[in-house]
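The block underneath contains the structure these notes are about, expressed in structure tokens.
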2 protein chains.
Amino acid sequence: MKTLKIPEATIVRLSVYSRFLGTADRRGITTISSGDIADGVGVSPAQVRKDLAYFGEFGTRGVGYNVKDLHRHIMKILGLSAEWQVSLVGLGNLGLALAQYKGFRERGFKIRSIFDSDPAKVGTTVNDVVVEHIDNLEEVLAQQGAQNGAIAQIGIIAVPTPFAQSVADRLIKSGVKAILNFAPVVLSVPPEIELRNVDLAVHLEVLTFNLALHKS
Amino acid sequence: MKTLKIPEATIVRLSVYSRFLGTADRRGITTISSGDIADGVGVSPAQVRKDLAYFGEFGTRGVGYNVKDLHRHIMKILGLSAEWQVSLVGLGNLGLALAQYKGFRERGFKIRSIFDSDPAKVGTTVNDVVVEHIDNLEEVLAQQGAQNGAIAQIGIIAVPTPFAQSVADRLIKSGVKAILNFAPVVLSVPPEIELRNVDLAVHLEVLTFNLALHKS
DNA sequence: TTAAATTTGTGATATAATTAACTATGCAAT
DNA sequence: ATTGCATAGTTAATTATATCACAAATTTAA
């Protein structure tokens with residue numbers, strides 16, 4: 001497979017295009033131009049075409065793109081044709097919100113297992129998923145993996161900061177290949193593990209930085 | 001003020017350095033080198049120095065940086081010496097999680113007002129903040145602004161997608177200068193308004209893209 | 001049929017960001 | 001004092017990303 005180093009920004013934009021195309025499709029739009037997409041998501045038409053060009057030719061010159069087709073193609077590119085096993089660790093306020101987050105389901109992500117250390121939470125059901133004790137993480141993930149052959153597993157970490165690294169270690173040892181980390185701490189993971197950090201305070205700080213600039 | 005276009009990536013890293021320095025400070029570390037910081041947050045030492053160089057000289061050659069000093073400087077750069085009025089709109093699962101998120105308070109952000117449309121929630125208290133009805137948004141923000149003179153206000157949008165744009169419009173009309181949007185939709189706002197989007201599904205899709213690549 | 005209008009795909013260019021290399025400075029040991 | 005070592009600050013080189021401009025393809029209208 002030829003992989004000419006795709007910019008991450010391109011992937012993020014593809015994800016946004018995909019969401020936009022889904023909306024357009026539901027509205028009954030069948031054909032769309034790079035300019036339409038660009039207007040819809042706030043980038044330039046050239047950027048849209050360049051992003052798509054990394055992966056092939058999906059449009060018709062003089063016409064545009066077929067909405068359904070392009071949507072399908074991008075979903076495929078993003079790896080959304082496979083089913084991913086998503087596990088959530090930590091059912092505090094944030095964890096609960098993530099477990100019930102509609103945006104995940106809308107984009108095809110279903111959380112398969114949930115772990116927490118609070119005995120009061122273990123055994124309860126969130127969105128049809130029974131909460132497991134975190135002590136059973138390895139066991140449950142092994143089972144889950146066995147059920148689904150080679151499909152890679154994704155872990156979401158929503159535990160308090162001091163526990164995040166050990167949870168990451170255990171997830172990885174259990175075969176998880178990608179981690180979405182909400183704890184505001186820099187995790188150390190092997191290079192082959194995909195890691196993304198979501199630090200909500202960082203976003204606020206980028207805003208305050210920009211505001212502080214404008215005011216002076 | 002000279003503002004030589006600071007890369008946004010630099011701001012994000014500064015925020016991470018700042019968090020790291022806070023931890024180091026609490027551990028009693030007084031002096032730190034660019035290499036130490038780099039190791040701690042997973043970037044190169046040159047990157048650390050380059051990022052800081054945009055804003056001045058904060059270290060001592062041959063020695064390193066004073067942890068407390070550098071921390072203070074970065075906080076100042078990020079605009080965290082001012083107090084920001086943060087309002088949260090939407091108290092669903094995600095909104096509630098954000099309202100109680102410790103990470104915000106740890107970094108100095110305090111949510112001053114919370115709005116929701118559900119009568120059952122209005123009047124309840126979350127983290128010492130009384131939930132207001134969203135119909136009163138303009139009124140409450142006007143009061144809040146008046147109390148605090150010229151300090152800019154920040155709005156966090158955690159309402160369902162269909163309502164996000166109108167909430168944004170109302171926030172802006174009420175004087176909010178920066179918006180952190182959690183609704184998975186592209187908002188259109190005037191160019192002078194600072195906008196950041198947090199789309200949780202996008203993060204998962206970047207992970208699946210990378211996993212899909214590695215597997216082929 | 002031809003011409004005009006549209007819109008993609010892409011090579012060339014420009015811009016931006018990162019990395020590397022170097023210089024200057026300060027400290028510690030002798 | 002002098003030398004050696006560590007490390008910040010800075011300039012230059014490299015790499016990555018985004019923009020631009022145009023040729024190629026398709027449709028529509030005359």
Side-chain angles (χ1 to χ4, degrees), chain A residues 2-17 20-21 24 29-71 73-74 77 191 206 209-210 213, chain B residues 2-17 20-21 24 29-74 77 206 209-210 213:
Chain A
K2 73 156 184 241
T3 309
L4 336 50
K5 190 54 176 51
I6 315 292
E8 174 163 309
T10 291
I11 306 308
V12 170
R13 283 190 299 265
L14 282 178
S15 176
V16 176
Y17 303 160
F20 179 76
L21 289 169
I29 299 168
T30 56
T31 300
I32 203 164
S33 72
S34 60
D36 295 336
I37 298 173
D39 289 346
V41 307
V43 302
S44 73
Q47 181 79 78
V48 172
R49 298 198 298 275
K50 206 69 204 270
D51 285 336
L52 294 173
Y54 284 110
F55 302 97
E57 306 187 5
F58 306 109
T60 309
R61 296 176 188 211
V63 181
Y65 304 89
N66 177 283
V67 172
K68 269 193 208 305
D69 268 7
L70 185 58
H71 189 208
H73 274 300
I74 297 181
I77 291 166
V206 174
F209 170 80
N210 286 320
L213 268 193
Chain B
K2 70 154 187 244
T3 309
L4 343 42
K5 190 53 176 52
I6 315 291
E8 174 163 308
T10 290
I11 306 308
V12 170
R13 282 191 299 265
L14 282 178
S15 176
V16 176
Y17 302 161
F20 178 76
L21 289 168
I29 299 167
T30 55
T31 301
I32 204 165
S33 71
S34 60
D36 296 335
I37 299 172
D39 289 346
V41 307
V43 302
S44 73
Q47 182 80 76
V48 173
R49 297 198 298 274
K50 199 76 204 278
D51 286 336
L52 294 173
Y54 284 110
F55 302 97
E57 306 186 5
F58 306 108
T60 309
R61 297 178 188 208
V63 180
Y65 304 89
N66 176 284
V67 172
K68 270 194 207 307
D69 269 7
L70 185 58
H71 189 210
R72 250 195 305 270
H73 275 300
I74 297 181
I77 291 166
V206 174
F209 170 80
N210 286 320
L213 269 191

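Numbers restart at 1 for each chain; the letters A, B, ... are given by sequence-line order, proteins then strands.
What separates CD of Glu57(A) from P of dG11(C) is a distance of 10 Å, to the nearest Å. Counting to the nearest Å, the P atom of dT27(D) and the OH atom of Tyr65(A) are 16 Å from each other. What separates CD1 of Ile37(B) from C1' of dA6(D) is a distance of 15 Å, to the nearest Å. Following rounding to the nearest Å, Ile32(A) (CD1) and dT6(C) (P) show an atom-to-atom distance of 18 Å. Rounding to whole angstrom units, CZ of residue Phe58(A) and P of dT26(D) are separated by 17 Å. Asp51(A) has its CG atom 14 Å from the P atom of dT8(C), to the nearest Å.
Going from atom CG of Leu70(B) over to atom CZ of Phe20(B) covers 11.0 Å, rounded to the nearest 0.5 Å. In this structure, Tyr17(B) OH and Ile32(B) CD1 are separated by 12.0 Å, a value rounded to the nearest 0.5 Å.
Listed by chain and residue number, Phe58(B) satisfy the ring pair (Phe, Tyr, Trp, His ring centres under 6.0 Å) test with His73(B) (two or more places apart in sequence, or in another chain). For Glu57(A), there are no side chain to side chain donor-acceptor pair (under 3.5 Å) partners at least two apart in sequence or on another chain.
Remark: Ser34(A) is in phosphate contact with dT8(C), judged by side-chain N or O atoms under 4.0 Å from OP1 or OP2.
Summarising the geometry of Ile6(A) relative to Phe55(A), their closest heavy-atom pair is CG2-CZ, 3.8 Å, with the distance given to 0.1 Å.
Applying the side-chain hydrogen bond (donor to acceptor under 3.5 Å, both in side chains) test to pairs two or more places apart or on separate chains, those with a residue in residues 31-43 of chain B are Ser33(B)-Asp36(B), Ser34(B)-Arg49(B).
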Under 4.0 Å protein heavy-atom contact, by nucleotide of nucleotides 21-30 of chain C - B base, S sugar-phosphate only = B--BBSS---
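For the contact set between residues 66-74 of chain B and DNA chain C, defined by any heavy atom under 4.0 Å, there are no members.
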With 3.5 Å as the limit, what N/O pairs link the protein to nucleotides 11-17 of chain D?
none

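When side chains are defined from C-beta on, Pro7(B) counts as touching Tyr54(B), because their heavy atoms get closer than 4.5 Å. Residues Tyr65(B) and Leu21(B) have side chains not in contact (no heavy-atom distance under 4.5 Å, counting atoms from C-beta outward).
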Return all side-chain donor-acceptor pairs below 3.5 angstrom for residues 40-48 of chain A, not counting sequence neighbours, or 'none' if the list is empty.
unit_1: Ser44(A); atom_1: OG; unit_2: Gln47(A); atom_2: N; d: 3.1
unit_1: Gln47(A); atom_1: NE2; unit_2: Asp51(A); atom_2: OD1; d: 3.4

